[in-house]
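Notes for the one structure printed next.
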Amino acid sequence: MRQLARRGASSRPFFNGTLNSHIIPHRWLRTSIAVAFSATLLGGAANAQSKGTPDHIKAVTSAIDSAAITANTATSKDWPTYGLDYAETRFSKLNQITAENVKDIGLMWTYNLESIRGVEATPLVVDGIMYVSAPWSVVHAVDTRTGKRLWTFDPGVDREKGYRGCCDVVNRGVALYKGKVFVGAYDGRLVALDAATGTKVWEKDTVIDRKMSYTITGAPRVFNGKVVIGNGGAEYGVRGYVTAYDAETGNQAWRWFTVPGDPAKPFEDDSMAAAAKTWDPAGKYWVNGGGGSAWDTITFDPDLNMVYIGTGNGSPWNRNLRSPGGGDNLYLGSIVALNADTGKYLWHYQETPGDNWDYTSTQPMILADLTIDGAPRKVVLHAPKNGFFFVIDRTNGKFISAKNFVDVNWATGYDASGRPIEVPEARSPDKSFDSIPGPFGAHNWHPMSFNPQTGLVYLPAQGVPLNLTGEKTLVQNAPAENKFGGTTGWNVGFSLNAEPPKNPPFGRLIAWDPVKQKEAWRAEYIAPWNGGTLTTAGNLVFQGTADGRFIAYNAKTGEKLWETPVGTGVVAAPATYMVDGVQYVSVAVGWGGVFGITQRATDREAPGTVYTFAIGGKAPLPAFTKYQIGNLLTGVKYDPAHVPEGTSIYVNACATCHGVPGVDKGGNVPNLGYVSTETITNLKDIVFNGPFKGKGMPDFTGKLTEADVVKIQAFIQGTADAIRPK
Ligand SMILES: O=C(O)c1cc(C(=O)O)c2c(n1)C(=O)C(=O)c1cc(C(=O)O)[nH]c1-2
Ligand SMILES: [Ca+2]
């Protein structure tokens, strides 16, 4: 483990700069003065030795409840919830680090998360105690005063079952409430831990049907004694829902489904009866679950006592198969407001009626009070996958405005009533469609931030090309034979990239004015899939990048003010907090997520690592490891006649994680075009009950045959041979 420098002398400017050693001869006297000094001037804190003990942690975390989370917004001293505050602004009032002095920040310490898959978590920090989650839903408690581990908790997710989620075995973070840390385990359990010790207090199975591929990747949200979590699975045939549990006991408080179930059975509530009218029962949508999985954002509004759910895509994606007669298919691709106490439906606004493109509305929301056309409005700011920036009245769900923040081709805009003006080809049952944005979204889960001082939202935007060709039939809730991801349960009703997409990839940071619905500035990157953002009262925006940098910008102008290389690509959002009078900025680095499993934009690789910076930080950067891509595969014997069939088996079983052999360069999972000849020659020893089961490799026993593996070998070596420069 690479545990780097502790707090150096430079991190104690008050002590060194104020006390003049030669007039205070005795060491003990200097020490006691320093202690008294920090206790009085640095906010009455006790000396550092008593910090980080179970008693201290218990005291400071027990004090975290809804009132404390709200009170923290006055100072932003701590970072007590996923988006910093209930409004999820990720705007910190801390201003020790400013646009003027950010050039002087340096590394305080790094902490090794000992992981290789995607790190998507925003760390929570309360009085210097950090909680950050790693892949496989492992929770780490870290003392930010030293950068040292306090405890870890591994919920023991079966590593062989990683394929039950679409998009890497990620976890976006934990929730903290009255001395407990809550984590959603990838396999669908919600676990409450003792914040001081990391021991389990309770655990609930949130999954309604274990036959279905339900997973959890999102951070729970906690308010007024309830902890709320949704799930993922809409690429596999699930029905989405969110559940509130009593934070103390884990007893279920309420549950709300996002889409209707079988209309032959009683509906759970009026909102389901209303929604069912917008689905064509000829599609037997309930057999395939319908989708709508709420896998990321859940936002609590203390002003209105509402909770807003961002719902996901249709299952299958293809509406022609899901609801052949058309229809909006409520509540897919929507923001839905529920009563926070009861979970009862209040209103919805559907951003993508009748989703057909994996256009989730699960992207993080921000609650703001803005003046629009001269009138104060309570709004939700939202940039879902579909490429439009939405401003919605959050008192009643009324549409205010929508404007595309990247080029889009599926709709030309929104009419005054808030309906998209669609381009007919976007739903063609016969022709393939290069949808812009594609299913990776113009904005994915990477959190945006909103700075009320600049009035700008800092939005990680992107384009990832993907071509969709509608399938003619669907086997309801069964893996699609020889279709993308079918062996592992994908069932989306489209062939992906059967025709090569023509639109270009890009990644950029956009500063967006939500009142003018206009871009204020942008920073272009070399690749899509850059990190979430943080903005501060120091007129700063922080963001990590796919190409392995951590950058600070001037929030007003977009001028780049500072950057440092980090060990690998960054996807998570940073956090900032104050400890003993010093402002820290931390970011959890670790390349991955759905784009990062197969593709990369750095030539570096490193374990998941938390980097922490402050003014005057002097710790050396960790030694970076060069990503060693092997030589293009040669020497595997194969029969070229097997290549066509091998292609479809590979697409069916391997492509979701391993990408295109020899073309992609390997994300956090190796690309099979660049592994050793022996690896591919002995492929069956890996495919069937193989040695990488503990690292996320499925066991394909019963799903593939040895003859299939021979054909996969032919495809891998055949592709490598085909692309080899002559
Ligand atoms: O439909 C779903 O249930 C679902 C779940 C998830 C997830 O839980 O991570 C993602 C998506 N969809 C998805 O469409 C998507 O682009 C995506 C990206 C990521 C990620 O963590 O990188 N997760 C997910
Ligand atoms: Ca999805």
Side-chain angles (χ1 to χ4, degrees), residues 117-122 133 135 137 162-173 184-188 206-207 212-219 229-242 258-259 288-298 309-318 322 332-333 352 355-364 384-386 435 437-447 460 462 464 466 484-485 489-494 496 528-532 546 569-573 590-599 656-657 667-668:
R117 303 291 290 266
V119 176
E120 296 191 351
T122 308
S133 59
S137 336
Y163 68 86
R164 289 178 73 89
C166 61
C167 301
D168 203 358
V169 292
V170 294
N171 188 281
R172 295 188 195 92
Y186 186 73
D187 56 16
T206 76
V207 174
M212 306 300 184
S213 273
Y214 281 108
T215 47
I216 299 179
T217 56
I229 191 74
N231 47 51
E235 273 68 52
Y236 299 77
V238 305
R239 182 182 180 201
Y241 57 90
V242 290
T258 63
V259 294
N288 211 52
S293 38
W295 54 268
D296 193 29
T297 192
I298 294 169
I309 311 298
T311 65
N313 55 276
S315 186
W317 296 356
N318 189 335
R322 187 178 70 235
L332 298 179
T352 310
D355 167 51
N356 196 55
W357 312 274
D358 186 23
Y359 283 168
T360 65
S361 288
T362 54
Q363 283 52 48
K385 271 190 186 176
N386 77 13
S435 80
F440 287 85
H443 172 218
N444 209 301
W445 59 269
H446 314 82
Q462 62 178 17
V464 182
L466 201 78
F484 184 81
W490 273 58
N491 190 15
V492 301
F494 280 109
L496 308 183
W529 213 250
N530 298 287
V570 188
V571 293
W591 181 241
V594 65
F595 181 82
I597 304 175
T598 57
Q599 313 193 48
T656 34
C657 294
N668 61 32

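Whatever order the structure lists ligands and atoms in, that order sets their numbers, starting from 1. We number each residue from 1, following the sequence as shown.
Near Val170, the atoms of ligand 1 lying under 4.0 angstrom from a non-hydrogen atom of the residue are 21 (O). Each of the atoms 14 (O) of ligand 1 lies under 4.0 Å from some heavy atom of Asp358. Counting atoms of ligand 1 from 1 in the listed order, those under 4.0 Å from a heavy atom of Asn313 are 1 (O). Residue Trp529 approaches ligand 1 through these ligand atoms, each under 4.0 Å from one of its heavy atoms: 22 (O). Listed by number with element, the atoms of ligand 1 under 4.0 Å from a non-hydrogen atom of Gly233 are 2 (C), 3 (O). Proximity to Ser293 (heavy-atom distance under 4.0 Å) selects the following atoms of ligand 1: 1 (O), 2 (C), 3 (O).
A side chain to side chain contact (heavy atoms under 4.5 Å, CB included) with Ser137 holds for exactly one of Val170, Val169, Asn171; it is Asn171. Tested against Asp168 for a side chain to side chain contact (heavy atoms under 4.5 Å, CB included), the candidates Asn668, Val594, Thr598, Thr656 yield a single pass: Asn668. Among the candidates Val207, Thr206, Asp187, the single residue satisfying the side chain to side chain contact (heavy atoms under 4.5 Å, CB included) test with Tyr214 is Val207.
At least one N/O-N/O distance between Lys385 and ligand 1 falls below 3.5 Å. Polar contact check, Asn444 against ligand 1: a nitrogen or oxygen pair lies under 3.5 Å apart. Here's the thing with Gly593: none of its N/O atoms is less than 3.5 angstrom from an N/O atom of ligand 1. Geometrically, ligand 1 and Gly232 share no nitrogen or oxygen pair separated by less than 3.5 Å. Checked against a 3.5 angstrom limit, the closest N/O atoms of Arg172 and ligand 1 fall inside it.
Nearest approach of Pro135 to Gly118, heavy atoms of both residues: CG-O, 3.2 Å. Heavy atoms only, all atoms of each residue included: Pro528 and Val464 are closest at CB-CG2, 3.7 Å. Scanning both residues, Ser293 and Ala234, for their nearest heavy atoms gives OG-CB, 3.2 Å. The nearest pair of heavy atoms linking Asn444 to Gln462 is CB-NE2, 4.1 Å.
For residue Asn313, an N/O/S atom approaches the Ca ion (ligand 2) to within less than 3.0 Å.
Among Trp295, Trp445, Phe595, the residue whose heavy atom lies closest to atom 17 (C) of ligand 1 is Trp295.
Phe440 and Phe595 have perpendicular rings, their planes meeting at more than 60° on a 0 to 90° scale where under 30° would count as parallel.
Under the 3.5 Å distance criterion, with hydrogens and angles disregarded, a donor-acceptor pair is assigned to the side chains of Thr217 and Arg172.
Atom 22 (O) of ligand 1 has as its closest protein heavy atom Val594 N, 2.9 Å.
Of all N/O/S atoms in Glu235, OE2 sits nearest the Ca ion (ligand 2).
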